[in-house]
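Residue numbers start from 1 in every chain, and the chains themselves are labelled A, B, ... in the order their sequence lines are given, proteins ahead of strands.
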2 protein chains.
Amino acid sequence: MLTKEELEKFSADALELYLDHISIDCVVFGFHEGQMKVLMLKSKNEEGWQLPGGFVQKREPIDTAANRILATRTGIDKVFLKQFHVFGDPDRNRQHNEQYNDMVPKERNFFSHRFISIGYYALVDFSDAIPTPDEFSELCAWRDVNDLPVFLLDHELIFNTALDTLRLQLSYQPIGYNLMPKEFTMPELQKLYETILGKKLDRRNFQRRILGFGILNKLPQTRKGGAHKAPYLYSFDLENYQAALKEGLKSGW
Amino acid sequence: MLTKEELEKFSADALELYLDHISIDCVVFGFHEGQMKVLMLKSKNEEGWQLPGGFVQKREPIDTAANRILATRTGIDKVFLKQFHVFGDPDRNRQHNEQYNDMVPKERNFFSHRFISIGYYALVDFSDAIPTPDEFSELCAWRDVNDLPVFLLDHELIFNTALDTLRLQLSYQPIGYNLMPKEFTMPELQKLYETILGKKLDRRNFQRRILGFGILNKLPQTRKGGAHKAPYLYSFDLENYQAALKEGLKSGW
DNA sequence: TACAATTGTGTACCAATTACACCATTTATC
DNA sequence: GATAAATGGTGTAATTGGTACACAATTGTA
């Protein structure tokens with residue numbers, strides 16, 4: 001146990017040396033019918049777009065904060081949300097912060113601190129979302145991943161890191177439960193994988209592999225109404241899906 | 001651009017709501033001759049041991065901070081060091097913090113804040129290290145992973161998460177460059193893998209696989225002096241090793 | 001009724017992983 | 001020195017997993 005004097009001295013020094021802020025940046029991947037988009041915000045004050053983000057409140061777990069931020073921007077709660085990297089270079093938002101240095105004394109300017117940002121990525125069906133801008137943005141919108149705007153801050157790095165992580169994790173994590181309807185066809189699920197990976201996969205090999213994971217139930221019905229042969233419907237076997245989330249799958253695409 | 005009034009109001013609210021501290025906890029795995037240890041600190045004030053840690057200074061990148069903390073505790077610089085998870089539950093160190101609440105007013109007590117902790121893991125040869133306690137510890141020492149003491153705070157969770165991450169990353173990252181001498185034998189390298197994975201591997205299959213990665217140079221010499229047949233020496237092909245670090249290997253053990 | 005598009009299913013081939021066997025070298029021991 | 005014990009080098013067969021590819025069936029439309 002420290003003495004009172006030790007604690008006071010350490011605290012005074014430390015409060016001077018080590019004050020920092022934590023923010024959360026979310027890369028929200030939105031999927032729907034073979035399209036892949038990212039949720040972005042057009043800044044009121046600057047030319048460019050950024051990722052949705054926010055701050056962690058006192059006494060709030062960081063996962064809860066990420067979920068809250070996401071829910072505020074999309075209206076969707078409890079989606080697939082995963083911490084993937086911390087961005088902590090002090091220069092990462094210096095330019096952005098220093099524009100306010102003349103305006104307000106440093107100690108009263110929240111932005112004068114360096115922010116360490118915890119990156120999360122989320123997977124949602126973008127047709128479920130209602131994009132809602134925050135107080136600093138004039139617009140919140142889904143942007144196609146193949147037609148991205150200019151990013152502010154280091155958000156391009158954050159986006160790219162998230163995409164790399166997602167593609168890597170596809171090798172040993174099942175995905176799709178949040179992104180597919182209750183019942184779906186094999187070609188629909190394949191399109192999701194192809195969209196994420198950015199490449200075509202062989203139809204027959206995809207089916208064998210995904211069925212091999214044992215996370216799907218084949219339903220007796222087919223999806224009628226298409227212009228062609230009616231494909232079978234599948235649903236996720238939630239129990240096995242959850243188990244696979246914990247245990248992991250194996251090997252890569 | 002925000003107006004002065006907007007900035008002042010936002011800052012005042014935010015500074016009240018969102019102040020947090022960032023700490024770094026390092027799980028330092030030490031290896032030597034088939035043994036695997038973890039660097040731990042015996043607390044001066046409490047019954048129990050904790051992982052080496054510290055705070056990120058203003059204007060210091062977090063990777064630099066982790067490296068500094070590790071160098072301070074071991075005397076070793078620039079080792080393999082990798083961020084693996086952020087621990088941000090506000091209750092994670094509440095008990096530890098509240099013991100000081102009566103002693104010093106909250107606003108002058110550095111520990112009254114919740115700490116969000118960035119977990120790093122490091123791989124070192126423990127025979128190179130000089131364990132050095134910090135100001136809160138009476139002892140800094142290597143503890144065998146099979147005979148661990150009682151952990152303080154949430155450090156047992158951090159340790160277990162680090163070990164799981166290390167084992168997973170073994171599948172797609174080459175390791176050993178920091179842990180093996182310049183020249184080493186295949187059985188020695190195999191022992192390192194077995195130590196990390198906690199299980200025996202087949203001698204012949206291990207060799208084929210590791211050679212297949214193309215990160216080793218077979219040297220013409222053998223290691224004489226052992227009690228048995230002299231094994232060949234190998235060294236890491238640094239160029240291929242670095243490439244494999246970036247590109248990743250494939251598949252799992 | 002023929003056709004285009006799409007889905008269901010199967011199979012042959014190659015690569016990686018696993019399991020296992022045999023020989024060579026070194027030192028200790030009789 | 002012959003032999004045993006321990007360890008290292010190398011190879012091979014069986015299994016599994018991944019890739020490439022072919023053909024039949026269904027559906028709506030021309």
Atom-to-atom span, [atom1] of [X] to [atom2] of [N] - whole angstrom:
X: E188(A); N: dT6(C); atom1: CD; atom2: P; result: 14 Å
X: K200(A); N: dT19(D); atom1: NZ; atom2: P; result: 17 Å
X: R223(B); N: dA24(C); atom1: CZ; atom2: P; result: 25 Å
X: Q190(B); N: dT7(D); atom1: CD; atom2: P; result: 13 Å
X: R209(B); N: dA16(C); atom1: CZ; atom2: C1'; result: 9 Å
X: H228(B); N: dG9(D); atom1: NE2; atom2: P; result: 13 Å
X: L201(A); N: dA20(D); atom1: CG; atom2: P; result: 11 Å

Which word best sums up how the rings of Y241(B) and F236(B) line up, parallel for under 30°, tilted for 30 to 60°, or perpendicular for over 60°?
-> perpendicular

Which of N240(B), L245(B), L216(B), I210(B) passes side-chain contact (heavy atoms from CB on, under 4.5 Å) with P174(B)? Answer is L245(B)

Pairwise side-chain contact, I62(A) with Y120(A), heavy-atom cut-off 4.5 Å (strictly under) | yes

May I ask you to test the L201(B)-R209(B) pair for a side-chain heavy-atom distance under 4.5 Å?
-> no

Identify the pairs formed between an N or O of the protein and an N or O of nucleotides 8-11 of chain C at a distance under 3.5 Å, and give each distance.
residue	atom	partner	partner atom	Å
dG8(C)	OP1	Y232(A)	N	2.9
dG8(C)	O4'	K229(A)	NZ	3.2
dG8(C)	N7	R203(A)	NH1	3.0
dG8(C)	O6	R203(A)	NH2	2.9
dT9(C)	OP2	K218(A)	NZ	3.3
dT11(C)	O4	R208(A)	NH1	3.2
dT11(C)	O4	R208(A)	NH2	3.4

Between R223(A) and F184(A), is there a donor-acceptor pair closer than 3.5 Å when you use the side chain of the first and the backbone of the second?
-> no

For E239(A), look at atom CD and say whether over 12 heavy atoms of other residues, nucleotides or ligands are found less than 6.0 Å away.
-> no

